[in-house]
Amino acid sequence: MRLVTYRSHAAAAARLGAMVGEHVVDLESLGSAAGINFPRDILDFIDLGPDAVRVAGALLAEHAGKWPVGVAQPLVNVKLLAPIPRPRKNIFGIGLNYAEHIAESSRALDTANELPKQPVIFSKPPTAVIGPGDAIEHNAKITQQLDWEVELAVIMGRRASRVTEADALSFVFGYSVMIDMSARDCRRGGQWIYSKGQDSYAPFGPCIVTADEIPEPHTLDLWLTVNGKEKQRSNTRHMLFKVPHLIADISAGITLEPGDIIATGTPDGVGAGRNPQEWLWPGDIVIACVEGIGTLRHPVVAV
């Protein structure tokens, strides 16, 4: 199931939908037609647990192509928002999780050139999140080194505290795409949150694909282009620390809760690692994709 948060028009409240082909099906309305109460907010839906996914999936399959009146509308007629427009907590970011990116970062960003022995964890605040098509802000007063990073995002489905790697994937609700925007000249004393947590620095979406449709998250191609030119291309199998390890490591000391997001790191090809270095500027277009999930397209604008 491909879940989205959407608006029918600019003034409408955000609603939970399922993307089915070229249509968005409103889950609350579909449930009402079948006598089932579904929430209109995706975090409330995640809170319901795996049974809600199974029931919603069965309803979508039952009514496919014969939707009750007013339940479905063409995708082109809606505005997709970030699947979780306002996360409850900071996003967990993972740094230096692909070997080639570790090498380029050590050359360009003065990070260690040895493979990390544990995941490198930072965070992005909820205010950094933007949805599909929204503008990435370039504030020239703050940064002259705005950079890109395509990443697989993991969305937690259950409370996870001290879980084992063997059990970790059973706690995942689904997967999405995130662009980890980074102002490379805004690192402070080795800390990354101001560099990576500014407004608009977490493009997210276009949907959440539920975990039952991606039983193995380490076989997915991911890529990113700037103005039509490919900058990054890799596969999630090249992660140094795989998703179960990340969940087990974080949950060993920090309880993960339903709706929490882990951005799992980026492969090589970032602007800072190029010779000469490349940065994003107003007017640029960034497109990022993770196989089996979807594509994000964002303009860069001056603020």
Tell me whether [X] contacts the main-chain N or O of [Y] through its side chain, where contact means a donor paired with an acceptor under 3.5 Å.
| X | Y | result |
| --- | --- | --- |
| Gln277 | Ala272 | yes |
| His218 | His238 | no |
| Asn97 | Thr264 | yes |
| Arg187 | Arg184 | yes |
| Asn235 | Thr219 | yes |
| Ser200 | Glu137 | yes |

Could you tell me whether [X] atom [atom1] has more than 12 heavy atoms of other residues or ligands within 6.0 Å of it?
| X | atom1 | answer |
| --- | --- | --- |
| Gln144 | CD | yes |
| Arg297 | CZ | no |
| Gln118 | CD | no |

Check [X] against [Y] and note the closest heavy-atom contact, atom names and distance.
| X | Y | answer |
| --- | --- | --- |
| Gln198 | Ala183 | NE2-CB, 4.0 Å |
| Val177 | Gly294 | CG2-O, 3.6 Å |
| Pro258 | Ile46 | CB-CG2, 3.9 Å |

For residues 63-87, which residue pairs qualify under salt bridge (charged side-chain N to carboxylate O under 4.0 Å, His left out), counting only residues two or more places apart or in two chains?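 Applying salt bridge (charged side-chain N to carboxylate O under 4.0 Å, His left out) to every pair that reaches into residues 63-87, excluding sequence neighbours, yields Lys79-Asp134.
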Are the charged groups of Lys196 and Glu149 less than 4.0 angstrom apart, N to O?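 Salt bridge flag = yes for Glu149 with Lys196.
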Looking at Lys124 and Asp180, does any basic side-chain N land under 4.0 Å from a carboxylate oxygen?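 Looking at Asp180 together with Lys124, the answer is yes, because their closest N to O distance falls below 4.0 Å.
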Between Thr143 and Asp185, do the side chains contain a donor N or O and an acceptor N or O under 3.5 Å apart?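 Judged by distance alone, the side chains do pair up.
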So, Asp167 and Thr164: side-chain donor and acceptor under 3.5 Å apart, yes or no?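 Yes.
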Can you sort out the partners of Phe122 under ring pair (Phe, Tyr, Trp, His ring centres under 6.0 Å), two or more places apart, ordered by chain and number?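 Expected list: Trp192.
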Run the ring pair (Phe, Tyr, Trp, His ring centres under 6.0 Å) test against His245 and tell me which residues pass, sequence neighbours left out.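 So His245 forms a ring pair (Phe, Tyr, Trp, His ring centres under 6.0 Å) with Phe241.
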Same cluster for [X] and [Y] if Ile/Leu/Val/Met/Phe/Trp/Tyr side chains link at under 4.5 Å?
| X | Y | result |
| --- | --- | --- |
| Ile247 | Ile91 | no |
| Val150 | Leu240 | yes |
| Leu246 | Ile254 | yes |
| Leu220 | Ile155 | no |
| Val303 | Trp148 | no |

Nearest 0.5 Å please: distance from the [atom1] atom of [X] over to the [atom2] atom of [Y].
| X | Y | atom1 | atom2 | value |
| --- | --- | --- | --- | --- |
| Asp26 | Ser8 | CG | OG | 7.5 Å |
| Leu30 | Glu62 | CG | CD | 8.5 Å |
| Asn37 | Ser32 | CG | OG | 6.5 Å |
| Asp212 | Arg54 | CG | CZ | 9.5 Å |
| Asn139 | Asp199 | CG | CG | 10.0 Å |

Could you check Val300, Asp147, Leu280 and say which one makes a side-chain contact (heavy atoms from CB on, under 4.5 Å) with Met181?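 Testing Met181 for a side-chain contact (heavy atoms from CB on, under 4.5 Å) against Val300, Asp147, Leu280 leaves exactly one candidate, Leu280.
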Sort out for me which residue in Val78, Leu16, Leu81, Asn77 forms a side-chain contact (heavy atoms from CB on, under 4.5 Å) with Tyr6.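 Option passing the side-chain contact (heavy atoms from CB on, under 4.5 Å) with Tyr6: Val78.
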Do [X] and [Y] make a side-chain contact, defined as non-hydrogen atoms from C-beta onward lying under 4.5 Å apart?
| X | Y | value |
| --- | --- | --- |
| Val154 | Phe92 | no |
| Arg2 | Pro83 | no |
| Met1 | Val53 | yes |
| Leu224 | Ile287 | no |
| Ile84 | Ile208 | yes |
| Leu3 | Val209 | no |
| Phe38 | Ile36 | yes |
| Tyr201 | Ser182 | no |

Using side-chain contact (heavy atoms from CB on, under 4.5 Å), reason through Lys242 and Glu165 one step at a time and then give a plain yes or no. CA-CA 10 Å; Lys242 302 299 194 287; Glu165 287 190 46; over 6 Å; no
Step-by-step salt bridge (charged side-chain N to carboxylate O under 4.0 Å, His left out) determination, Arg159 to Asp260: CA-CA 9 Å; Arg159 184 181 184 275; Asp260 282 356; over 6 Å; no
Begin from the C-alpha positions of Ile193 and Asn90 and carry the test side-chain contact (heavy atoms from CB on, under 4.5 Å) through to its verdict. CA-CA 10 Å; Ile193 190 167; Asn90 280 21; 4.0 Å; yes
Using salt bridge (charged side-chain N to carboxylate O under 4.0 Å, His left out), reason through Arg158 and Glu257 one step at a time and then give a plain yes or no. CA-CA 6 Å; Arg158 294 192 288 140; Glu257 297 177 305; over 6 Å; no
